[in-house]
Amino acid sequence: MNARLIECLAAIYLVLFLPGCGRLIDWGTNTFYQGETLEEHSKEAWRFVRWGAVYDQLETRAIFDAIWLSDDVRTSYAHLFMARQGKSVEHHTAFLRRQLEENNHFITFYVLSLYKIPLGDPESAWSIFLDVDGQQVLPLEIKAVDLPQEFQTFFGKRFTRFKDGYLVKFDARDVEEHPFITKDTKIIALNFKTIDKQLVLSWQFDEDGRVMDQPMTGGVPKFIFPKK
């Protein structure tokens, strides 16, 4: 009897005769190599994922998921991407520098939308704009993309085969070269809008300029625009 057959019989025995599944899980974990996990970087990126759904009575009008490519998210992406490629520390440092430099010029999001709800086309029902403390910014680019594997991981179960990925990019500075996002920024909000519906996904900052963990209520994060 070969080793593979023995392992299969042993697994069947454990399933049938052990009173609980805990010992089975422990046995499987100890017997089969599980690989090394890099969960911390995915957990950090998950803090920047927002999602929401729009309904017309019982009909789903749209579902949008978004992740802001902040410095923290780009750092997590660089670490996972370079680790997967087996690159050296020098390559990792150079790649991360290029990623962070992007944020000096652009405010960028990856957005997921149901495949039947296209974005970025002149005929698209849904338009997108960014709101930074009440100042509206129009997108430079909305482009359909294949999501990098790392960002598929960051989205977790929010990423499905029923959704298409888009890169949504905004200018990071106004016409006078002043950055839209500063250390005093309180909230940025990605707006999805039709002629009769609107969905807002937001990222709030604490007093130290760090993005706050936001509870999702019905898929929509709670937020309040700062009073002027």
Counterpart residues, side-chain hydrogen bond (donor to acceptor under 3.5 Å, both in side chains), relative to [X] (two or more places apart):
X	value
Lys169	none
Asp71	Asn103
Glu90	Ser88

Write out all pairs satisfying side-chain hydrogen bond (donor to acceptor under 3.5 Å, both in side chains) with one or both partners inside residues 104-117, taking only residues at least two apart or from two chains. Glu101-Asn104, Glu101-His105

Tyr77 meets the ring-ring contact (aromatic ring centres under 6.0 Å, His included) criterion, sequence neighbours left out, with Phe81, Phe95, Phe151

Less than 4.5 Å apart, side chain to side chain, heavy atoms only: is that true for [X] and [Y]?
X	Y	result
Thr75	Leu96	yes
Leu119	Asp121	no
Phe192	Val111	yes
Ile128	Asn191	no
Phe205	Val211	yes
Leu130	Phe109	yes
Leu199	Lys197	no
Val137	Asp131	no

Under the rule for salt bridge (Lys or Arg N to Asp or Glu O under 4.0 Å), what residues qualify as partners of [X], not counting sequence neighbours?
X	result
Arg47	Glu44, Asp213
Asp208	none
Asp164	none
Lys143	Glu141

Please name the residue in the list Leu114, Ile117, Asp196 that meets the side-chain contact (heavy atoms from CB on, under 4.5 Å) test with Arg61. Asp196

If you link ILVMFWY side chains whenever their heavy atoms are less than 4.5 Å apart, which other residues fall into the same cluster as [X]? By chain and number, please.
X	value
Leu140	Phe106
Tyr55	none
Ile195	none

Closest approach of Leu147 and Gln152, non-hydrogen atoms and distance? O-NE2, 2.9 Å

So with a 6.0 Å cut-off around NZ of Lys193, is the heavy-atom count from everything else above 12? no

